[in-house]
Enquirer: 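Right, I'll just put the structure down here and ask away after.
Fair warning: this is a prediction, and the values are worked out from it, not measured in the lab.
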Amino acid sequence: MKKSETILIVDDVEINRIMLAEIFRDSYEIVEAAGGQEAIAILDARKDIVAVLLDLIMPDVNGLEVLKAMNQSGKIKSIPVFLITAAESQVMLLEGYNLGAVDVIMKPFATQFLKCRISSVLELYEYRNDLEKKVRRQAKKLNELMTSITEMLATAIEFRDCESGEHVKRICVLTRDLMNEVIRLYPEYSLPEIEIEKVVTAAMLHDVGKIAIPDSILNKPGKLTQEEFEIMKQHTVKGCELLSSIPNIMDEGIFRYGYDICRHHHERWDGKGYPDGLKGDEVSIWAQVVAVADVYDALISPRVYKKAFSHDTAVNMIFEGQCGTFNPKVLNAFRNIMDGWDKADKE
């Protein structure tokens, strides 16, 4: 074993700490704690602890409390804990196992046998921890690749729509800001941070269905006829069809959010949107947020059929209902993040 690896011995009886330290001193660095509170502080401060030999009965903070603290910090998943015991109750030992302890060290200590047992467990944990790190690295690489592919696909659609590709980037920034503000103000819409990032990635795909819309309609400089508008509205459904054909190359969460956002980012709070005529919170909060972000950026951006509106004009148009009705809670959050927020700040 590497001497850079450290075993923490926790026991309020000094002679027990000395005996255990001597068993492992040749192979590991040793750090000692005379009580549970000291042990918790050491675990919080040090990154080199590879195992804990933990007495259950101590006067200040007992071994079970140390295990609870390790569960709260997540350290119990990567650091094996061996309970030191003489004749503690079976109930206490069972609770220790339930809190994540891997084995029991009985007093008096059987030196060679004990060393073999602990070394075997440490080798197993080292292998498992290394494997988990490799899996996380691979998952990160896969996620980065998937995000890049998603961004390239979304940007390609923007170029076809005669956009610079900046629309996708601004939608991501605004979606993240608005989603976080909605959640801050209204906890009922709460999502974990990792899910918010999936929503942000999925937001890139909101207009992917435009790939199925003819150029003559997509880039028409004038107002669309009613028939042309009906065809344009189909980009919401076409986007879902496209995503449904490639679900296996996407993260399941991003696929689910992307599908929902593609289909519903033109739904409106009063039920007068498309394609399904949903109203209120029948529309997911992430689709509602992307809808506002999309409308705002469309207003401040030049298009073949219009000039760009100013930031203030765009915000007023949204609040006056000129672009359809939106969830008042989302608009309240939108108002907050719009204070001092303009296109130049986000490019």
Side-chain angles (χ1 to χ4, degrees), residues 149-172 174-175 199 201-247 249-250 254-280 282-284 286-309 314 317-318 321-327:
I149 293 173
T150 301
E151 187 171 358
M152 284 189 292
L153 176 61
T155 302
I157 300 303
E158 294 303 319
F159 279 130
R160 185 168 177 268
D161 198 16
C162 295
E163 290 295 316
S164 67
E166 291 300 309
H167 175 63
V168 171
K169 297 178 182 178
R170 292 194 299 267
I171 286 293
C172 289
L174 187 50
T175 295
V199 168
T201 300
M204 298 181 193
L205 299 168
H206 69 288
D207 276 342
V208 73
K210 286 183 176 179
I211 197 171
I213 305 302
D215 286 342
S216 59
I217 295 175
L218 194 62
N219 296 316
K220 183 177 178 179
K223 184 177 180 181
L224 298 179
T225 66
Q226 185 59 41
E227 182 180 0
E228 290 170 334
F229 183 55
E230 290 302 318
I231 294 173
M232 176 65 85
K233 285 161 60 175
Q234 285 298 303
H235 80 276
T236 55
V237 178
K238 296 296 184 181
C240 293
E241 292 175 356
L242 175 61
L243 292 180
S244 293
S245 69
I246 57 171
I249 69 169
M250 300 184 70
I254 293 176
F255 171 79
R256 178 167 56 87
Y257 292 127
Y259 188 99
D260 188 29
I261 289 168
C262 271
R263 189 173 186 95
H264 296 137
H265 70 284
H266 282 290
E267 301 287 357
R268 293 296 179 258
W269 187 249
D270 58 3
K272 295 181 180 180
Y274 61 86
D276 299 318
L278 303 180
K279 62 181 179 180
E282 290 175 352
V283 184
S284 65
W286 42 87
Q288 293 184 51
V289 163
V290 173
V292 174
D294 185 39
V295 165
Y296 170 77
D297 195 72
L299 290 172
I300 65 171
S301 303
R303 297 289 170 90
V304 293
Y305 53 86
K306 74 169 187 68
K307 295 181 179 179
F309 293 103
M317 290 174 70
I318 291 172
Q322 296 184 43
C323 308
T325 59
F326 298 98
N327 184 341

Enquirer: What heavy-atom pair brings Arg268 and Cys323 nearest, and what distance separates the two atoms?
Expert: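 Shortest heavy-atom contact: NE-O, 3.2 Å.
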
Enquirer: Give a yes or no on whether Lys279 atom NZ has more than 12 heavy-atom contacts from other residues, nucleotides or ligands under 6.0 Å away.
Expert: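 It does not: Lys279 NZ has 12 such atoms or fewer within range.
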
Enquirer: Any donor-acceptor pair under 3.5 Å linking the side chain of Arg170 with the backbone of Asp294?
Expert: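 Looks like no, no N/O pair under 3.5 Å.
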
Enquirer: Using distance alone, with no hydrogens and no angle criterion, decide if His265 and Asp207 have a side-chain donor and acceptor under 3.5 Å apart.
Expert: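 Judged by distance alone, the side chains do pair up.
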
Enquirer: With sequence neighbours left out, what residues match Gln226 under side chain to side chain contact (heavy atoms under 4.5 Å, CB included)?
Expert: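 Residues passing side chain to side chain contact (heavy atoms under 4.5 Å, CB included) with Gln226: Phe229, Glu230.
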
Enquirer: Parallel, tilted or perpendicular, judged at 30° and 60°: which one describes the rings of His235 and His266?
Expert: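 Aromatic pair His235/His266 classed perpendicular.
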
Enquirer: Where do Ala202 and Gly258 come nearest, in terms of heavy atoms and distance?
Expert: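 Shortest heavy-atom contact: CB-N, 3.4 Å.
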
Enquirer: Would you mind reporting whether Arg263 and Cys240 have side-chain heavy atoms less than 4.5 Å apart?
Expert: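 Sidechains of Arg263 and Cys240: in contact.
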
Enquirer: NZ/Lys238 to CD1/Ile213 distance, rounded to the nearest 0.5 angstrom?
Expert: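 The NZ atom of Lys238 sits 7.5 Å away from the CD1 atom of Ile213.
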
Enquirer: If you compare all heavy atoms of Leu224 against all heavy atoms of Glu228, which two are closest, and at what distance to 0.1 Å?
Expert: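 Nearest heavy atoms, Leu224 then Glu228: CA-OE1, 3.4 Å.
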
Enquirer: Start with the C-alpha distance between Ile300 and Phe309, add both sets of side-chain angles, then the distance that settles side chain to side chain contact (heavy atoms under 4.5 Å, CB included), and finish with yes or no.
Expert: CA-CA 5 Å; Ile300 65 171; Phe309 293 103; 5.6 Å; no

Enquirer: Donor-acceptor pair, Lys306 side chain versus Leu299 backbone, under 3.5 Å?
Expert: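 Yes, Lys306 side chain to Leu299 backbone: donor-acceptor pair under 3.5 Å.
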
Enquirer: Run the ring-ring contact (aromatic ring centres under 6.0 Å, His included) test against Trp286 and tell me which residues pass, sequence neighbours left out.
Expert: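 In terms of ring-ring contact (aromatic ring centres under 6.0 Å, His included), with neighbours along the sequence ignored, Trp286 is linked to Tyr257.
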
Enquirer: What closest approach, in Å, do Cys262 and Leu243 show between heavy atoms, and which atom pair accounts for it?
Expert: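 Closest approach of Cys262 to Leu243, heavy atoms only: SG-CD1, 3.8 Å.
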
Enquirer: For Val208 and Gly239, which heavy atoms make the closest approach, and how far apart are they?
Expert: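 Heavy-atom minimum between the residues: CG1-CA, 3.8 Å.
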
Enquirer: Which residues satisfy the side chain to side chain contact (heavy atoms under 4.5 Å, CB included) test with Lys272, sequence neighbours excluded?
Expert: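 Only Asp270 meet the side chain to side chain contact (heavy atoms under 4.5 Å, CB included) criterion with Lys272.
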
Enquirer: Taking the side chain as everything from C-beta on, heavy atoms only, tell me whether His264 gets closer than 4.5 Å to Asp276.
Expert: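 In short, these two side chains touch, coming nearer than 4.5 Å.
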
Enquirer: Within the structure provided, determine whether Phe326 and Val295 are in side-chain contact (heavy-atom separation under 4.5 Å).
Expert: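 Side chain of Phe326 against side chain of Val295, heavy atoms only: contact under 4.5 Å found.
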
